[in-house]
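As structure tokens, the structure follows; a few thoughts come after it.
Computed from a prediction, not measured in an experiment: that's the story for all the values here.
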Amino acid sequence: MTAIACLGRALLIVAACFALPAAGAERTTDVRIDGAVVRLHMDEEAFALGREAFSDWVRDSARTVSAYYGRFPVKELYLALLPQPGRGVKHGQAFAFESATVNVRIGADSGLADLREDWILIHEMIHFAFPKVARRHHWIEEGLSVYVESIARANRGELSPEFVWRGFVRGMPHGLPRSGDQGLDATPTWGRTYWGGALFCLLADVEIRRRTDNRRSLRDALRAVVASGLSMLDQRPLVPVLQLADAATGETVLMELYENHRGTAVDVDLERLWRELGVEVNGAGLRFDEQAPLAAVRTAITSRE
């Protein structure tokens, strides 16, 4: 066994240890969705809500991911719910060594409203829809989860377009380069990794839709990756994956953006982008300008389907 394989097995053991609650009525329930199964492991006695409520939450989250990608990205996923004091989903982490695994830390007193408001489980599930890439490309893995989570929920009618665009207006500036920053491949800060990656995805979605008159989108590109059988369980170089995704749109947007952003700190003019999309923010308020040049693109991105 290679050193890398040994490390992977060791980390899997650590992950499995975290995934097992200490005691009580712990057991696994199979939640099935679109030919896939999520094996939900939890200590039912540790939570105020029953297993059925959590199963419904898991199923609905998986359906949101499946609807965006055309199918759930892996055939089998192990999900452990780890009780924490209080309410609400606290933290999630995805692992992909020998199996697809997600650990979610969630308040033991959580109610149905806390589950309905959660975005973390969908974020972690989205990670499995893209192969593992080199550490310097971590921004694409996190950026996709940040961007797609909001769009996938809007497409299912779970979030309003106003909510999504307000979040983007607030969040995307975190992805802009700061003094001394380099390209995305060489600036592993929180802002550039999560929101820099999300901004890359937004720019790609807008440009693909602009070039194809809304006939193709980033979703088509990402669906091609999932349809090829690739997932977080696979390790791949980034460039061939981007080329595969580009081929599904008939354009080369992803590779062009990557070449521009990989080694250079590109200062995207967000004010101009919002203006062209017709997103107008005034204090805490937000309105859409339907006469803006890319208003149709904006509408299509967050439309309910």
List the steps, then state whether side-chain hydrogen bond (donor to acceptor under 3.5 Å, both in side chains) holds for Glu158 with Thr64.
-> CA-CA 9 Å; Glu158 298 169 8; Thr64 297; 2.8 Å; yes
Evaluate the side-chain hydrogen bond (donor to acceptor under 3.5 Å, both in side chains) criterion for residues Glu142 and His123: first the C-alpha distance (whole Å), next the side-chain angles of each, then the deciding distance (0.1 Å), finally the verdict.
-> CA-CA 9 Å; Glu142 293 297 347; His123 177 104; 3.2 Å; yes
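Using modelled atom types, no side-chain atom of Lys90 and backbone atom of Pro83 make a donor-acceptor pair closer than 3.5 Å. Although no hydrogens or angles enter the test, the distance criterion places a donor-acceptor pair under 3.5 Å between the side chain of Arg223 and the main chain of Tyr68. Using a distance-only test at 3.5 Å, with no hydrogens or angles considered, no donor-acceptor pair links the side chain of Asp267 to the main chain of Pro177. Listed for the Ser110 side chain is a donor-acceptor partner under 3.5 Å among the backbone atoms of Gly88. Asn214 places a side-chain N or O within 3.5 Å of a backbone atom of Ala296 that can act as its donor or acceptor partner. Between the Ser66 side chain and the Ala62 main chain, no donor and acceptor come within less than 3.5 Å of each other. Side-chain N or O atoms of Arg275 include none that pairs as donor or acceptor with a backbone N or O of Ala292 at under 3.5 Å. Under a 3.5 Å cut-off, the side chain of Thr249 and the backbone N or O of Asp246 do form a donor-acceptor pair. In this structure, the side chain of Asp220 engages the main chain of Ser217 through a donor-acceptor pair within 3.5 Å.
The distance from the CG atom of Leu115 to the CG atom of Leu49 is 5.5 Å, given to the nearest 0.5 Å. One distance of note links CG of Leu230 with CZ of Phe128; it measures 14.5 Å at 0.5 Å rounding.
One finds a salt bridge joining Glu276 and Arg272 here, because a Lys/Arg side-chain nitrogen approaches an Asp/Glu carboxylate oxygen to under 4.0 Å. Using a 4.0 Å cut-off between charged side-chain N and carboxylate O, Arg63 and Asp34 make no salt bridge. Under the 4.0 Å criterion applied to side-chain N and carboxylate O atoms, Asp109 and Arg87 are not assigned as salt-bridge partners. The pair Arg51-Glu45 does not count as a salt bridge, with every side-chain nitrogen at least 4.0 angstrom from each carboxylate oxygen. Looking at Arg39 and Glu76, a side-chain N of the basic residue comes within less than 4.0 Å of a carboxylate O on the acidic one, giving a salt bridge. One finds a salt bridge joining Asp56 and Arg59 here, because a Lys/Arg side-chain nitrogen approaches an Asp/Glu carboxylate oxygen to under 4.0 Å. Between Glu305 and Arg219 a salt bridge is recorded (basic side-chain N to carboxylate O distance below 4.0 Å).
Aromatic ring orientation, His137 versus Trp139: perpendicular (interplanar angle above 60°, classes split at 30° and 60°). Aromatic ring pairs are classed by plane angle as parallel below 30°, tilted from 30° to 60° and perpendicular above 60°; the pair Phe168 and Tyr147 is parallel.
With 3.5 Å as the limit, one finds a donor-acceptor pair spanning the side chains of His41 and Thr28. Between the side chains of Thr252 and Glu256, at least one donor N or O sits under 3.5 Å from an acceptor N or O.
Evaluated for a side chain to side chain contact (heavy atoms under 4.5 Å, CB included) with Asp181, the options Thr187, Val266, Thr264 yield exactly one hit, Thr187.
For Ala221 against Leu254, the heavy-atom pair with the smallest separation is CB-CD1, 4.0 Å.
Checked against ring-ring contact (aromatic ring centres under 6.0 Å, His included), Trp274 has no partners two or more places apart in sequence or in another chain. Under the rule for a side chain to side chain contact (heavy atoms under 4.5 Å, CB included), the partners of Glu207 that lie at least two apart in sequence or sit in another chain are Arg210, Arg211, Val253.
Residues Phe95 and Val102 have side chains not in contact (no heavy-atom distance under 4.5 Å, counting atoms from C-beta outward). At a threshold of 4.5 Å between non-hydrogen side-chain atoms, the residues Val226 and Ser231 do not count as touching.
The local environment of CG in Asp30 is crowded, with over 12 non-hydrogen atoms from other residues, nucleotides or ligands closer than 6.0 Å.
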